[in-house]
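Heads up, the thing below is written out as structure tokens.
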Amino acid sequence: MAQKIIIDTDPGQDDAVAILLALASPELEVMGITAVAGNVPLSLTEVNARKIVELAGHTDIPVFAGCDRPLVRNLVTAEYVHGKTGLDGIELPAPTIPLQTEHAVQFIIDCLRKEPAGTVTLIPIGPLTNIAAAFERAPDIVERVARIVLMGGAYFEVGNVTPAAEFNIYVDPEAAKQVFASGVPITVLPLDATHQALTSREWVDAMRALPNRCGPAVASWTDFFERFDKAKYGSAGAPLHDPCAIAWLIRPELFEGKDINVEIETKGEFTAGMTVADWWGVTDRPANALFIRM
Ligand code: BDR
Ligand code: CA
């Protein structure tokens, strides 16, 4: 039976590839897509999510708009990575499917209450604001979540937005702290893993040659995304951050990690948003996450 998932996202070219991968995977049943402010403001991420769903021909997947800012901080965006629209690289038509009227946080709550406990997996691939808001508003849903598989954080690879922090956690560390303390089983796909999941020229060319609309879009998006990372890291290839979360769900044997304790720094002057990962078990803090390293 297909695994039920909710994708919580801030598209984002790599979010887009993750959504397309999920929609194309018979192993997964996408219950809904919930947009959050992150790479670009919410007014763009929800439109982008609808464009992606429509590109894939899955107009039946409902798209919800969620929180337009972090729990307590001002929103930090990343147009310098993703472009003005968040989905720069190819122009897609304005979506025709409507945005759902229900708030994304309420959808997450309702869906978890409606489905049998332990059957819905949450896939946050943006800041964790919507997930933390849902847990705060409806604590009864926490124990109903099968697992959270998230893209976020970094440890050995260090940060991409500050020397210490990865973007998704940095934008809303207070939300991340709540989620990591929730007791839900968590799989973390940090930069340590996603910086190894790089596109190659052959892969991009093969995508562009696919006889459908999604392949060429993926090629254009990852080409756009690569331009930024090549300048920053000096290596070729676009990191497929968010698709790693979907890939772990479908093919966990491709990855290696360890159950460890991960705490979120919310106060540090230079380290806010850092995922303090006790990789070597030097504290007696209990494990709260499967931290993927490769
Ligand atoms: C994460 O931040 C965003 O820019 C990407 O979409 C990804 O979710 C990588 O740090
Ligand atoms: Ca993202």
Side-chain angles (χ1 to χ4, degrees), residues 6-16 18-19 32-52 63-89 95 99-100 102-108 122-137 148 150-154 159-180 188 190-191 194 221 224-225 228-229 232 241-242 245 264-275:
I6 296 173
I7 303 177
D8 188 68
T9 176
D10 62 338
Q13 292 87 353
D14 61 321
D15 300 71
I19 292 168
I33 296 184
T34 52
V36 68
N39 289 323
V40 286
L42 180 71
S43 55
L44 290 171
T45 59
E46 63 88 352
V47 172
N48 291 345
R50 286 187 287 143
K51 284 181 177 174
I52 297 158
V63 175
F64 303 82
C67 300
D68 63 359
R69 72 193 67 157
L71 295 184
V72 294
R73 292 173 192 246
N74 292 329
L75 177 64
V76 175
T77 53
E79 284 86 356
Y80 62 99
V81 182
H82 299 274
K84 203 159 48 60
T85 66
L87 268 191
D88 281 22
L99 181 67
Q100 298 293 312
E102 195 180 14
H103 193 279
V105 169
Q106 195 56 46
F107 166 73
I108 293 169
L122 301 178
I123 318 290
I125 50 177
L128 287 155
T129 321
N130 285 344
I131 309 298
F135 287 0
E136 216 171 82
R137 194 184 297 175
I148 292 173
L150 67 88
M151 189 282 134
N160 60 357
V161 61
T162 73
E166 178 279 333
F167 180 78
N168 289 342
I169 307 295
Y170 177 76
V171 172
D172 200 344
E174 285 75 19
K177 195 179 178 71
Q178 285 191 33
V179 170
F180 276 81
V188 183
L191 297 180
T194 68
W221 283 327
F224 182 90
F225 203 40
F228 168 77
D229 268 315
K232 186 172 176 186
H241 301 292
D242 296 341
I264 309 296
E265 178 59 73
T266 55
K267 295 205 169 62
E269 184 184 356
F270 300 109
T271 53
M274 183 178 183
T275 42

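- For the pair D172 and L128, the minimum side-chain heavy-atom distance is 4.5 Å or more.
- Counting non-hydrogen atoms of other residues, nucleotides and ligands closer than 6.0 Å to CZ of R69 gives a total of 12 or fewer.
- Ring planes of F225 and H241: perpendicular class, angle over 60° (limits at 30 and 60°).
- Counted by atom type alone, D88 and T85 present one or more donor-acceptor pairs between their side chains at under 3.5 Å.
- Heavy atoms only, all atoms of each residue included: V63 and A49 are closest at CG1-CB, 3.8 Å.
- Of all heavy-atom pairs spanning E136 and L71, the tightest one is OE2-CD1, 4.4 Å.
- Among all heavy-atom pairs drawn from H103 and C67, the shortest one is CE1-N, 3.9 Å.
- A distance of 12.0 Å separates NZ of K177 from CD1 of I169, quoted to the nearest 0.5 Å.
- We find the CD-CD1 distance between Q106 and I108 to be 10.0 Å, quoted to the nearest 0.5 Å.
- Of the candidates L44, D14, N48, D14 is the only one forming a side-chain contact (heavy atoms from CB on, under 4.5 Å) with H82.
- The two residues Q13 and F224 have their closest heavy-atom pair at NE2-CD2, 3.3 Å.
- Inter-residue side-chain proximity for N160 and Y170 is flagged as unmet; no heavy-atom pair is nearer than 4.5 Å.
- Once rounded to the nearest 0.5 Å, the distance linking OG1 of T194 with CE of M151 reads 4.0 Å.
- Summarising the geometry, atom CZ belonging to F64 is positioned 12.0 Å from atom CG belonging to D8; distances are rounded to the nearest 0.5 Å.
- Contact of the L150 side chain with the F180 side chain is registered, since non-hydrogen atoms from C-beta on lie closer than 4.5 Å.
- Across D242, D15, T34, a single residue satisfies side chain to side chain donor-acceptor pair (under 3.5 Å) together with T9, and that is D15.
- Between F167 and A78 the shortest heavy-atom distance is CE1-CB, 3.8 Å.
- The backbone N or O of N168 lies less than 3.5 Å from a partner atom in the side chain of E166, making a donor-acceptor pair.
- The backbone N or O of A154 sits less than 3.5 Å from a side-chain atom of T275, completing a donor-acceptor pair.
- Atom-to-atom distance recorded for T77:OG1 and L75:CG is 5.5 Å, nearest 0.5 angstrom.
- A donor and an acceptor atom, one from each side chain of D10 and T45, are nowhere located under 3.5 Å apart.
- Minimum heavy-atom separation, N39 to G12: ND2-CA, 3.5 Å.
- The line from CD of Q100 to CZ of R50 is 10.0 Å long, rounded to the nearest 0.5 Å.
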Evaluation steps, side chain to side chain contact (heavy atoms under 4.5 Å, CB included), between W221 and L87: CA-CA 7 Å; W221 283 327; L87 268 191; 3.9 Å; yes
